[in-house]
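The analysis underlying the following values was restricted to heavy atoms, covering all of them including side chains, and did not include hydrogens, waters or symmetry mates. What you see is a predicted model, and the numbers here were worked out from it, not measured in a lab. Each chain gets a letter, A, B and so on, in the order the sequences are listed, and its residues count up from 1.
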2 protein chains.
Amino acid sequence: MQTKECPEDICDQLCEHPQLICITKKEAIADDDAQQVAEIFKLLGDTTRVKILQLLSRRELCVCDIAAVIEMGQSAVSHQLRLLRNARLVRYRREGKMAWYSLDDEHVRSLLSQGIDHIKHR
Amino acid sequence: MQTKECPEDICDQLCEHPQLICITKKEAIADDDAQQVAEIFKLLGDTTRVKILQLLSRRELCVCDIAAVIEMGQSAVSHQLRLLRNARLVRYRREGKMAWYSLDDEHVRSLLSQGIDHIKHR
DNA sequence: ACAACATATGAATATATGTTCATATGTTAA
DNA sequence: TTAACATATGAACATATATTCATATGTTGT
């Protein structure tokens with residue numbers, strides 16, 4: 001982001017419009033923020049993870065039940081759960097041999113349901 | 001999704017809990033829907049595209065100005081704009097040599113700003 | 001028609017990502 | 001302790017994706 005004043009826009013001949021660029025740069029999201037935002041959406045940007053998160057948004061489930069419902073291998077599910085866990089989108093608790101997972105991020109619940117709404121209405 | 005009744009849950013010995021799985025399957029998102037939802041989030045799940053969409057959410061811009069602001073090559077920007085265009089997240093109009101792009105999806109504007117909020121508050 | 005320009009696009013490349021397989025870890029019941 | 005089980009994880013593989021380079025397309029002004 002810039003802090004200096006924007007020069008007059010000499011342009012209309014040039015493709016790059018200095019003043020417009022200058023103003024726009026000030027409003028631009030910081031690199032680091034953009035990366036973090038992308039990181040969250042990337043996690044929501046996979047069919048398997050969408051399915052898992054949608055299930056977990058309704059109820060707590062153990063790994064093998066998730067695998068059974070979405071019809072994928074235990075290992076694949078476990079790998080995906082690790083990504084979601086690391087990003088703190090889901091939490092889990094151990095109960096004996098089993099691990100019960102649930103959604104741990106209300107923002108994500110909301111983003112997900114908006115995403116689902118989005119595809120329903122168009 | 002299932003339509004048949006759920007059997008009694010015999011479980012607690014088994015890992016897979018038949019009744020729970022059955023109920024959960026009925027609530028699960030359809031494969032095709034999950035894929036479409038993931039598709040949208042996938043588009044939001046890249047740093048470059050987040051930057052582009054955030055700029056376009058504020059004002060219409062031409063390709064080379066976008067490139068100047070986010071400091072990337074014209075070609076890279078153009079390729080990304082094509083993805084966004086194909087998914088109808090952005091629209092563009094021609095004005096002579098230039099192409100002016102703007103955001104074309106209010107859901108996406110909302111998702112994006114929620115995503116940005118999300119990383120700000122935590 | 002030609003040169004200069006803005007944008008688009010195909011091909012190539014490097015990197016990231018998702019799934020599978022084999023196996024490790026840790027718990028329970030006998 | 002051992003067997004059975006639920007889950008986690010490393011390695012390997014196949015596929016997807018983002019960027020760059022070179023070049024094509026289409027417009028404007030001379």
TODO: Counting heavy atoms from C-beta on, name the nucleotide in C/dG18, C/dA8, D/dT7 closest to the side chain of A/Met98.
DONE: D/dT7
- [ ] Whole angstrom is fine here: how far is it from CD1 in A/Ile70 over to P in C/dG18?
- [x] 13 Å
TODO: Applying side-chain contact (heavy atoms from CB on, under 4.5 Å), name anything that partners A/Ser110, two or more places apart in sequence or on another chain.
DONE: A/Gln114, B/Gln114
Open item on the list: D/dT9, OP1 or OP2 - any side-chain N/O from A/Arg85 closer than 4.0 Å?
Closed with: yes
Task: Distance-minimising heavy-atom pair for A/Ala68 and B/Lys25 - done: O-CE, 3.8 Å
Task: Non-neighbouring partners of A/Ala67 that pass side-chain contact (heavy atoms from CB on, under 4.5 Å), sequence neighbours left out - done: A/Val77
Open item on the list: Suppose we screen for side-chain hydrogen bond (donor to acceptor under 3.5 Å, both in side chains). Which residues come up paired with A/Asn86, at least two apart in sequence or across chains?
Closed with: none
Open item on the list: If you count every heavy atom of other residues, nucleotides or ligands that lies below 6.0 Å from B/Arg59 atom CZ, does the total exceed 12?
Closed with: yes
Task: Proximity to the side chain of A/Met72 - top-ranked nucleotide from C/dT9, C/dT20, D/dA8 - done: C/dT20
Report, one line per pair, each donor and acceptor closer than 3.5 Å where one atom sits in a side chain of residues 40-55 of chain B; sequence neighbours left out.
residue : atom : partner : partner atom : Å
B/Asp46 : OD2  : B/Thr48 : N            : 3.1
B/Asp46 : OD2  : B/Arg49 : N            : 3.1
B/Arg49 : NE   : B/Leu43 : O            : 2.8
B/Arg49 : NH1  : B/Gln80 : OE1          : 2.8
B/Arg49 : NH2  : B/Lys42 : O            : 3.1
B/Lys51 : NZ   : A/Asp31 : OD1          : 3.3
B/Lys51 : NZ   : A/Asp31 : OD2          : 3.3
B/Gln54 : OE1  : A/Ile29 : N            : 3.2
B/Gln54 : NE2  : A/Glu27 : O            : 2.9

Open item on the list: Tell me whether the side-chain N/O atoms of B/Gln80 come closer than 4.0 Å to OP1 or OP2 in D/dT17.
Closed with: no
Open item on the list: So B/Ala76, base contact, sugar-phosphate only, or nothing? Heavy-atom distance under 4.0 Å.
Closed with: base
Task: Length of the CZ-P vector between A/Phe41 and D/dT17, whole Å - done: 18 Å
Task: Set of side-chain hydrogen bond (donor to acceptor under 3.5 Å, both in side chains) partners for B/Glu60, sequence neighbours left out - done: B/Arg93
I'd like a table of donor-acceptor pairs (distance under 3.5 Å, sequence neighbours excluded) in which one partner is a side-chain atom from residues 99-108 of chain A, with atom names and distances.
residue  : atom : partner  : partner atom : Å
A/Tyr101 : OH   : A/Arg85  : NH1          : 2.8
A/Ser102 : OG   : A/Arg91  : NE           : 3.3
A/Asp104 : OD1  : A/Arg91  : NH1          : 2.5
A/Asp105 : OD1  : A/His107 : N            : 2.9
A/Asp105 : OD1  : A/Val108 : N            : 3.0
A/Asp105 : OD2  : B/His118 : NE2          : 3.0
A/Glu106 : OE1  : A/Arg109 : NE           : 2.7
A/Glu106 : OE2  : A/Arg109 : NE           : 3.4
A/Glu106 : OE2  : A/Arg109 : NH2          : 3.1

- [ ] Take atom CG of B/Leu44 and atom C1' of D/dA18, then tell me their distance rounded to the nearest Å.
- [x] 16 Å
Task: Test salt bridge (Lys or Arg N to Asp or Glu O under 4.0 Å) applied to A/Asp33 - qualifying residues, sequence neighbours left out - done: B/Lys120
Open item on the list: Does the protein touch nucleotides 23-30 of chain C at the base, only the backbone, or not at all? Give it as B, S and - per nucleotide, heavy atoms under 4.0 Å.
Closed with: ----BS--
Open item on the list: Within the 4.0 Å heavy-atom criterion, would you say B/Leu43 contacts the bases, only the backbone, or no part of the nucleic acid?
Closed with: nothing
Identify the pairs formed between an N or O of the protein and an N or O of nucleotides 10-14 of chain D at a distance under 3.5 Å, and give each distance.
residue : atom : partner : partner atom : Å
D/dG10  : O6   : A/His79 : NE2          : 2.8

Task: Partner set under salt bridge (Lys or Arg N to Asp or Glu O under 4.0 Å) for A/Glu39, not counting sequence neighbours - done: none
Open item on the list: Could you work out, with side-chain contact (heavy atoms from CB on, under 4.5 Å) as the rule, every residue matching B/Ser75, not counting sequence neighbours?
Closed with: B/His79
TODO: Could you list by number each residue of residues 46-53 of chain B showing a heavy-atom separation from DNA chain C of less than 4.0 Å, or answer none if no residue does?
DONE: none
